[in-house]
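Step one of this worksheet: look at the structure below.
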Amino acid sequence: MPELPEVEALREYLDAHLPGRTVERVHPLAVSVLKTYDPPLTALEGRTAAGTARFGKFLAVRIGELHLVTHLARAGWLRWHETLPAAPPRPGKGPLALRVVLEGGGGFDLTEAGTQKRLAVYVVRDPHEVPGIARLGPDPLAEEFDRDAFAALLEGERRQIKGVLRDQSVIAGIGNAYSDEILHRAKVSPFKLAASFGDEQVTELHAAVRDTLREAVARARGLAAGELKAEKKSGLRVHGRAGEACPVCGDTVRSVSFADSSLEYCPTCQTGGRPLADRRLSRLLK
């Protein structure tokens, strides 16, 4: 799933290629991805693209006075093309969900792999009209997201820290992969209650949030959209690496599976050497 660093890199890439280009045609191939109907997609045609913005994991492209907003969900992606076929794409069973054709050639596709179709596209006059954006918590890379602001979010929070970090209404942009990376960096159990952190632990976790995301953004900066997925995977230390050696201590990275996801962690670094057998059975580790 694209998370804050990848969406930020896509935003920067589009900012370098899209402003000043006029939308010639928009082809919706999977009507289910379109979540708004007024203004219609056709309202984008003939309008000139301006800057882009990121709201958590949402990407917003300003086109004239409108905004094309997308959430890539788990298996969505944006693919930039310097040239596109002259013939319009034909609806089918492939991953192509929406194509934006620019005057003078080129454009970009929104695609989604797999059978679970969660890619979402909106055409709005203000990005905050999108319900998911309106509900977002603070951006962890924003200047005002300091240690005290982070501490206030954790105060009284009785959920496990892994779930709190992933909750978009608490902090915008962190998903399953980077929450694993942040907790590994901070040497914290994913099952620890958020409200149980001491002052020093809050400081360390805040630093881990900021440093993990900033470094991921820096690694992705300047890469073409097609290279971002591989870069994300190569930069992960524990997520998706169950059975491999922890790069910090050498212990074996372990996994806890859920209905539709899993978390990865290092027992030595994060849980005092004790494995977490199952989310429902394991005791919370401090």
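Only a predicted model underlies this, so the values are computations on that prediction, with no experimental measurement involved.
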Presence of salt bridge, R135 and D167, under 4.0 angstrom:
no
Closest non-hydrogen contact found for S196 with Q201 is O-OE1, 4.1 Å
d(E45 CD, E24 CD) to nearest 0.5 Å is 8.5 Å
Exercise for review: Identify whether the distance between the nearest side-chain nitrogen and carboxylate oxygen of E3 and K232 falls below 4.0 Å.
Suggested key: yes
Worksheet item: Short question: side chain of S262, backbone of V256 - any donor-acceptor pair under 3.5 Å?
Response: no
| request: Please check if L193 and L153 belong to a single hydrophobic cluster, counting links between Ile, Leu, Val, Met, Phe, Trp and Tyr side chain heavy atoms closer than 4.5 Å. | output: no
Could you tell me if the side chain of Y265 sits less than 4.5 Å from the side chain of C246, heavy atoms only? no
One should read off an interatomic distance between L4 CG and T212 OG1, to the nearest 0.5 angstrom, of 11.5 Å
Point to revise | Ion pair E264/R241, N-O distance below 4.0 Å | key: no
- If you group Ile, Leu, Val, Met, Phe, Trp and Tyr by side-chain heavy-atom gaps below 4.5 Å, do V130 and L110 land in one group? no
**Message:** Checking E82 against H17 for the side-chain contact (heavy atoms from CB on, under 4.5 Å) test, could you report, in this order, the C-alpha distance in whole Å, the side-chain angles of both residues, the deciding distance, and whether it holds?
**Reply:** CA-CA 10 Å; E82 293 296 337; H17 292 78; 4.1 Å; yes
Residues passing the side chain to side chain contact (heavy atoms under 4.5 Å, CB included) test with Q168, sequence neighbours excluded, are K57, L136
Sorted by chain and residue number, the side chain to side chain contact (heavy atoms under 4.5 Å, CB included) partners of A87 (sequence neighbours excluded) come out as none
Quick note, ring pair (Phe, Tyr, Trp, His ring centres under 6.0 Å) partners involving residues 20-69, not counting sequence neighbours, are F55-H128, F58-H71
Check: Does atom CG of D148 have more than 12 heavy-atom neighbours, drawn from other residues, nucleotides or ligands, at distances under 6.0 Å?
Finding: yes
- request: Flag yes if more than 12 heavy atoms outside E215 fall under 6.0 Å of its CD atom; otherwise flag no.
  value: yes
- Query: Looking at side-chain heavy atoms only, is the closest gap between L14 and W80 below 4.5 Å?
  - Reply: yes
Is V170 linked to V209 within one hydrophobic cluster, defined over Ile, Leu, Val, Met, Phe, Trp and Tyr using a side-chain heavy-atom separation of less than 4.5 Å? yes
The reported gap from CG in L34 to OH in Y122 (rounded to nearest 0.5 angstrom) is 10.0 Å
Note: G56 and D139 closest approach over all heavy atoms is N-OD2, 4.3 Å
When you compare the side chain of P85 with that of R99, does any pair of heavy atoms fall below 4.5 Å? yes
Quiz item: Between R21 and G105, is there a donor-acceptor pair closer than 3.5 Å when you use the side chain of the first and the backbone of the second?
Solution: yes
| message | Evaluate F197 against E157 for side-chain contact (heavy atoms from CB on, under 4.5 Å), listing each step before the verdict. | response | CA-CA 10 Å; F197 282 73; E157 179 59 75; over 6 Å; no
Mind checking whether T271 and F191 have side chains closer than 4.5 Å, heavy atoms only?
no
Assess whether side-chain contact (heavy atoms from CB on, under 4.5 Å) is satisfied between L141 and R214, documenting all intermediate values. CA-CA 7 Å; L141 294 185; R214 283 172 171 166; 3.7 Å; yes
Item to complete: Without swapping roles, check the side chain of K162 against the backbone of N176 for a donor-acceptor pair under 3.5 Å.
Response: yes
Practice problem: Kindly assign one of parallel, tilted or perpendicular to the pair H206 and F150, based on the angle between their ring planes and the thresholds 30° and 60°. | Solution: tilted
- Say whether Y13 and L98 are linked into one hydrophobic cluster, either directly or through other cluster members, by side-chain heavy-atom distances under 4.5 angstrom. yes
Answer yes or no: is there an ion pair linking R237 with D180, defined by an N-O contact shorter than 4.0 Å? no
message = Counting C-beta onward and ignoring hydrogens, is there a side-chain heavy-atom pair between L68 and R47 closer than 4.5 Å?
response = no
Would you say that more than 12 heavy atoms from the other residues, nucleotides or ligands in this model lie under 6.0 Å from the CD of E244, or not?
yes
Check your understanding: Distance-only, no hydrogens or angles: does the E112 side chain make a donor-acceptor pair with backbone N or O of L119 under 3.5 Å?
Key -> yes
For T48, the side chain to side chain contact (heavy atoms under 4.5 Å, CB included) test, sequence neighbours excluded, returns T22
Exactly one candidate in V123, L18, V26, V23 meets side-chain contact (heavy atoms from CB on, under 4.5 Å) with I63; the answer is V23
Nearest heavy-atom approach of A194 to V164 is CB-CG2, 3.9 Å
query = Can you tell me if CZ on R219 sees more than 12 non-hydrogen neighbours from other groups inside 6.0 Å?
reply = yes
Practice problem: Please answer whether the main-chain N or O of R79 pairs with a side-chain N or O of D109 as donor and acceptor at a distance below 3.5 Å. | Solution: no
Separation between OG1 (T203) and CG (L205), nearest 0.5 Å, reads 9.5 Å
d(R74 CZ, S261 OG) to nearest 0.5 Å is 6.5 Å
So does H239 get a backbone contact from the side chain of E181, meaning a donor-acceptor N/O pair under 3.5 Å? yes
Applying side chain to side chain contact (heavy atoms under 4.5 Å, CB included) to R125 and not counting sequence neighbours gives D38, P39, L66, E129
Side-chain heavy atoms of L59 within contact of L72, under 4.5 Å | no
Are side-chain heavy atoms of P28 and V121 found at a separation under 4.5 Å? no
Correct closest heavy-atom pair for I174 and S179 would be CG2-N, 3.7 Å
For this session: Please examine the side chains of L263 and F258, heavy atoms only from C-beta on, and report whether any two atoms are closer than 4.5 Å.
Result: yes
Sorted by chain and residue number, the ring-ring contact (aromatic ring centres under 6.0 Å, His included) partners of H184 (sequence neighbours excluded) come out as none
Is the backbone N or O of V188 less than 3.5 Å from a side-chain atom of Q270, with the two atoms forming a donor-acceptor pair by type? yes
Original post:
Do L228 and L78 belong together in a cluster built from hydrophobic side chains that touch within less than 4.5 Å?
Top reply: yes
Smallest heavy-atom separation, L29 atom then P91 atom, equals CD1-N, 3.4 Å
In this structure, CD1 of I171 is separated from CG of L213 (nearest 0.5 Å) by 9.0 Å
Between P140 and R210, the two heavy atoms sitting closest are O-NH1, 2.8 Å
Measure from the side-chain N and O atoms of R62 to the backbone N and O of G64, and report whether any donor-acceptor pair falls under 3.5 Å.
yes
